[in-house]
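As the structure is a prediction and not an experimental result, all values here were calculated from the model.
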Amino acid sequence: MSIEVYRDSWGIPHLRAADPCELAFAQGRVTAVDRAWQLEVERHRAQGTTAAFLGAAETGWDTFVRRARLADTARRCFDRLDPATQRWVGAYVDGVDAGLAEGARRAPEFAATGLEPGRWEPWTPLAVWLSTHILFAGFPTKLWREEVARRLGEEWTELFATDGPGTAGSNGWVVSGGRTGSGAAIVAGDPHRFIEAPGVYQQIRLACPEYDVVGLAVPGVPGLAHFGHTGGVAWAITNAMADYQDLYRERLRRTEDGGVEALGPDGWRPASVHVERVEVGGAEPGEVEVEVIETERGPVIIGDAGAAGPRSGDGAGGDGGATGAGESDRDGVWEAISLRYPPRVTGELGFGVLPELLGARTVADVDRAVDGWVEPVNVVQAADTEGGLLHRVAGHVPVRARANSLRIVPAWEAAHAWQEGAAAMPRAGVDGHAVMANARGLAAPLGVEFAPRHRAARIDALLGESTSWTAQEMASVHTDTDNPSAAPLLEAIRTLDTPASPSSASSPASPSSPAESLSSAASALRERLLGWDRRMEADSTDAGLYAAVRGAVVRRVAAHRAFEALREPAPYPALFQPWLALGPRVAFALETLLVSGPVPAEDITEIVRQALEEVAAGEEPPAWGATHRLAPWQALPDEDAAADARWPGLGGDHDCVLSTSSVPGFTDRSARASAARYVWDLADRDNSLWVVPFGASGVAGDAHHLDQLPLWLRGELVPVTTDWHHLTKEHDDRR
């Protein structure tokens, strides 16, 4: 093989090969050398085998993966790929296998866990992609809405609609040449995801006679699915917030021969069933038996025969006499919940798009390529050197009843079946600039819950301030900390009575008692907040003060008697609890709950007053960044609690352009933030910029393991270098 590996000063790999398959091999191999531990964790997560070396805490994930049949779906989708794409994906897998042994020797986690690197299957990259995105569209939100309707009332089903704790999004924007200093377009943005160490994006360059592309790859997946710059055209995506996964309430029963039948629109029909065993390692090794059932709707992900579960109530088209998920009736029928998702139904994942994107020369090429995209559903933006611009949605959204998008629906009613084909993908023109930030807009017909307009509106306003943007100036947009979502709470604070009341600080009233005036300390706090500039800077004590008051308000709203019915944990697996906990739901929907909902306005006023008094009576809250610290997910968490202090404090907040999400009222630690930042300059690719939270290497102690972290914190980016003479060639004959 004629493969060459170069590195820039940040350790970012630049690969050159004779043809696309050799290049895919090189990408797989260099990824395995740089990130062997990460790749093996992802492979095991995709197969549902993580508990074997990470312990019992991962059993819930492994059980879900087995029940959802992710590995089998990946096999199906691989088998449906055209032969050329199969060879290309297979070459990547061969490269991973060729590099894993060397990578494992460099990574201390293998020795710590006793894990031996395993052989990748040709379909493993598709399984990695599925496991990474199966929860991306947030289908557990339907479990939450079901609980809200059942416990609180049908009228409140969409009360908490917002970009919830289980979703991930991005900022993205394209600026036309008429609004840049160079006269050529700029594509920029930052994907927001749960921050993992090592990072979820890999900076890389892929070059062969057919193409030369720089971009952000997903370790374990060949090509550059989301963000790339070929020199002639650049593209980027954000989550469209589309709804394309359905939950069905199934009625199941055993047959005399030990099989399972499911009640569908045409009566009782056979379901497939088999048993798998999840190996569990750790202090008490063993195994967990998992019964895998699949109906004509899809795999059953919740509900074992005889297990306790919630009663369905009337539900979306259901009947009041239905038994709950997992609860058997006297005829031996039990209810469960199945998941229907496009790749399982169609056998298509969209991987044929990946090599097409690498070969794109123009916006039209990108547009044609993403016509074949499936999951996740994205908003795509692109620009080329000929002046072409693209702003569209890409993916597969099934056509079905609206009730499917809101709630769990009864499997036995034909009205909830998917229709043939898929929804049309919206597109729009670009007038000067266009913004994509998960808000209701271009993708509105395809979803139910979207992010608030704050990030999109703020980016739009910032871009409107100049007609001569440069790539370097885009960092000021990436790092903007204005927090528009603070406005409703600040308005509630403004309307409070300010004359001091001697007893108000020492004897705070209950929400049902008449409102009291603020104490002098709380009144002073009120004035500070009303004078605050709403910027969530890490060193801002006023931002820290606001966060403390907000947290106190969230806790009190969540404790209000109006939500008493929602306080009991929903009886679903622990894996889904981030979508089902009342506190986080209140935190992310606070803007709405302050002005509407079941909590009376006078109680909201009293809650805000009490929160001010609570904070005023305590110690001065520290600056925002003292508590708002990075909290990345690691497969092997550091057992030394003091080690958490090494992760830095952050600016920004959930609805800032600098989106760094915590759970107000419960923790200021930020588990979600910019997983990368990029600026693609169409005037000169070498004028482009990028950065990731940690570094190019996934090996602890490597010089490039954390070298980009200080820049990421400051909002700086590193240059994209494409001149081979400015790169360092690795001399390695191991192919």
Side-chain angles (χ1 to χ4, degrees), residues 8-10 12 169-177 179-182 184-193 195 199 201 203 214-216 226-227 229 234 236 238 381 383 433-437 454-483 533 535-540 624-625 630 648-653 655-660 670 673-696 706-721:
D8 66 10
S9 59
W10 297 95
I12 297 168
S170 311
N171 295 321
W173 56 94
V174 58
V175 182
S176 69
R179 300 186 64 85
T180 69
S182 68
I186 294 174
V187 179
D190 58 320
H192 307 151
R193 302 182 76 115
I195 299 299
Y201 283 116
Q203 298 152 298
V214 298
L216 299 166
H226 287 161
F227 310 96
H229 192 338
T238 64
Q381 290 181 336
H433 65 260
V435 178
M436 50 180 185
H454 302 310
R455 285 186 285 118
R458 179 63 176 165
I459 295 169
D460 182 67
L462 290 170
L463 293 177
E465 293 176 358
S466 175
T467 57
S468 57
W469 283 100
T470 66
Q472 291 72 22
E473 291 170 338
M474 288 299 171
S476 66
V477 182
H478 283 132
T479 57
D480 186 80
T481 60
D482 182 68
N483 188 9
D533 62 4
R535 303 195 73 87
M536 302 297 288
E537 297 288 345
D539 61 356
S540 170
W624 176 226
L630 186 63
L650 304 175
D653 199 18
D655 288 320
C656 298
V657 179
L658 183 61
S659 184
T660 53
S670 179
S674 297
R677 299 188 187 109
Y678 60 91
V679 181
W680 301 145
D681 193 336
L682 273 300
D684 180 357
R685 188 168 64 167
D686 272 21
N687 201 37
S688 298
L689 303 159
W690 53 3
V691 74
V692 292
F694 303 118
L706 296 174
D707 58 339
Q708 294 185 50
L709 179 58
L711 285 79
W712 180 82
L713 288 170
R714 296 194 299 267
E716 299 176 15
L717 300 98
V718 303
V720 170
T721 303

W690 side chain near V718 side chain, heavy-atom distance below 4.5 Å
yes

Are H478 and W173 near enough that their ring centres are under 6.0 Å apart?
yes

Exercise: do H229 and D681 side chains pair donor with acceptor under 3.5 Å:
no

Shortest non-hydrogen separation from Y201 to A675 and the atoms involved:
CD1-CB, 3.9 Å

Shortest non-hydrogen separation from V657 to D190 and the atoms involved:
O-OD2, 4.3 Å

Could you tell me if the side chain of W10 sits less than 4.5 Å from the side chain of T721, heavy atoms only?
no

Quick one: closest heavy-atom pair of S659 and R455, and the distance?
CB-CD, 4.1 Å

Can you tell if the side chain of M474 reaches within under 4.5 Å of the side chain of L717, non-hydrogen atoms only?
no

Working to the nearest 0.5 angstrom, can you tell me the gap between E716 CD and R677 CZ?
10.5 Å

Smallest separation among heavy atoms of G695 and D707, with atom names:
CA-OD1, 3.8 Å

Heavy atoms only: give me the nearest P191-Y678 pair and the separation to one decimal.
CD-CE2, 4.1 Å

Nearest heavy-atom approach of W624 to G652 is NE1-O, 2.8 Å

To the nearest 0.5 Å, tell me how far S176 OG sits from L463 CG.
10.5 Å

Evaluate the side-chain contact (heavy atoms from CB on, under 4.5 Å) criterion for residues L706 and W712: first the C-alpha distance (whole Å), next the side-chain angles of each, then the deciding distance (0.1 Å), finally the verdict.
CA-CA 10 Å; L706 296 174; W712 180 82; over 6 Å; no

Sub-4.5 Å side-chain heavy-atom contact between H192 and T238
no

Taking it one step at a time, do D480 and R535 satisfy side-chain contact (heavy atoms from CB on, under 4.5 Å)?
CA-CA 8 Å; D480 186 80; R535 303 195 73 87; 3.1 Å; yes

Look only at the side chain of Q708 and the backbone of V692, and say whether a donor-acceptor pair between them is shorter than 3.5 Å.
yes

If I take atom OG from residue S670 and atom CG from residue L630, how far apart are they, to the nearest 0.5 angstrom?
6.5 Å

Euclidean distance, I186 CD1 relative to E473 CD, rounded to 0.5 Å
8.0 Å

Interatomic spacing from CG in L650 to OG1 in T481 - rounded to 0.5 Å
12.5 Å

Hey, what do you get for CG (N483) to CE (M536), rounding to the nearest 0.5 Å?
5.5 Å

With the side chain counted from C-beta on, respond yes when D482 and H454 share a heavy-atom pair under 4.5 Å apart, and no when they do not.
no

Side chain W680, main chain A383, donor-acceptor under 3.5 Å:
no

Report yes or no: does D653 contribute a side-chain atom to a donor-acceptor pair with the main-chain N or O of D655 at less than 3.5 Å?
no

Hey, is the main chain of W469 close enough, under 3.5 Å, to the side chain of R179 for a donor-acceptor pair?
no

Check whether any side-chain N or O of T660 sits under 3.5 Å from a backbone N or O of G651 as a donor-acceptor pair, and report yes or no.
yes

